[in-house]
Amino acid sequence: MIRLRLYTTLGCHLCEALEALLARLCSVEYALERVEISEDDALVERYGVRIPVLVAEDGEELDRGFEAPRLAAWLAARGWLDEAAWRQLQAPAPSAEPVDAQIRHGRRYLG
């Protein structure tokens, strides 16, 4: 099991996005320690405009890990990326257009 630290603050939607991506893309079991920065002036100074910041046991930090390509690259560099989950995340979304729909003169006609 690996240990990760997440510098965060209450109500941080970007932090929630990072946690969701991490759960989906990390191929190894991990323990996530959440560190609330608002309770420490030094942490606010260091991480206030950078959160979420994910930190590995070796001290290597990742800013903006809520961006899937950044998190995937960071995980891959450590051998922790679930390649199948990453490929699936990158796959284009299925078209909302019905299969038998036809567009003629700017109008959609269902078959």
What distance do Leu22 atom CG and Leu6 atom CG have between them, rounded to the nearest 0.5 Å?
8.5 Å
Assigning hydrophobic clusters by single linkage (Ile, Leu, Val, Met, Phe, Trp, Tyr; side-chain heavy-atom cutoff under 4.5 Å), is Leu71 placed with Val55?
no
If we ignore angles and hydrogens, is there a donor and acceptor under 3.5 Å between the side chains of Glu36 and Thr8?
no
Of the non-hydrogen atoms in Cys26 and Ile2, which two are nearest, and what is the gap between them?
SG-CD1, 4.3 Å
So Pro69 and Trp86, do their side chains get closer than 4.5 Å, heavy atoms only?
yes
Between Leu18 and Val35, is there a shared hydrophobic cluster once you connect ILVMFWY residues whose side-chain heavy atoms come closer than 4.5 Å?
no
Between the main-chain N or O of Asp63 and the side-chain N or O of Arg70, is there a donor-acceptor pair closer than 3.5 Å?
yes
Mind checking the OH-CE spacing from Tyr30 to Met1? Nearest 0.5 Å is all I need.
10.5 Å
For the CZ atom on Arg24, are there more than 12 heavy atoms of other groups (residues, nucleotides or ligands in this structure) within a distance under 6.0 Å?
yes
Considering residues, nucleotides and ligands other than Glu45, do more than 12 of their heavy atoms fall under 6.0 Å from its CD?
no
Salt bridge (charged side-chain N to carboxylate O under 4.0 Å, His left out) filter on Glu29, not counting sequence neighbours, yields none
Within the 4.5 Å heavy-atom criterion, are Leu54 and Arg5 side-chain neighbours or not?
no
Identify which one of Val44, Leu43, Ile51 satisfies the side-chain contact (heavy atoms from CB on, under 4.5 Å) criterion when paired with Thr9.
Ile51
Side chain to side chain, Leu25 and Leu81, heavy atoms closer than 4.5 Å
yes
Determine yes or no for a side-chain-to-main-chain donor-acceptor pair under 3.5 angstrom, with Arg78 supplying the side chain and Trp74 the backbone.
yes
Does some side-chain heavy atom of Tyr7 sit less than 4.5 Å from a side-chain heavy atom of Pro52?
no
List the residues meeting side chain to side chain contact (heavy atoms under 4.5 Å, CB included) with Arg46, not counting sequence neighbours, and say none if there are none.
Arg50, Glu61
Under a single-linkage definition using a 4.5 Å side-chain heavy-atom cutoff for Ile, Leu, Val, Met, Phe, Trp and Tyr, are Tyr47 and Leu4 assigned to the same hydrophobic cluster?
no
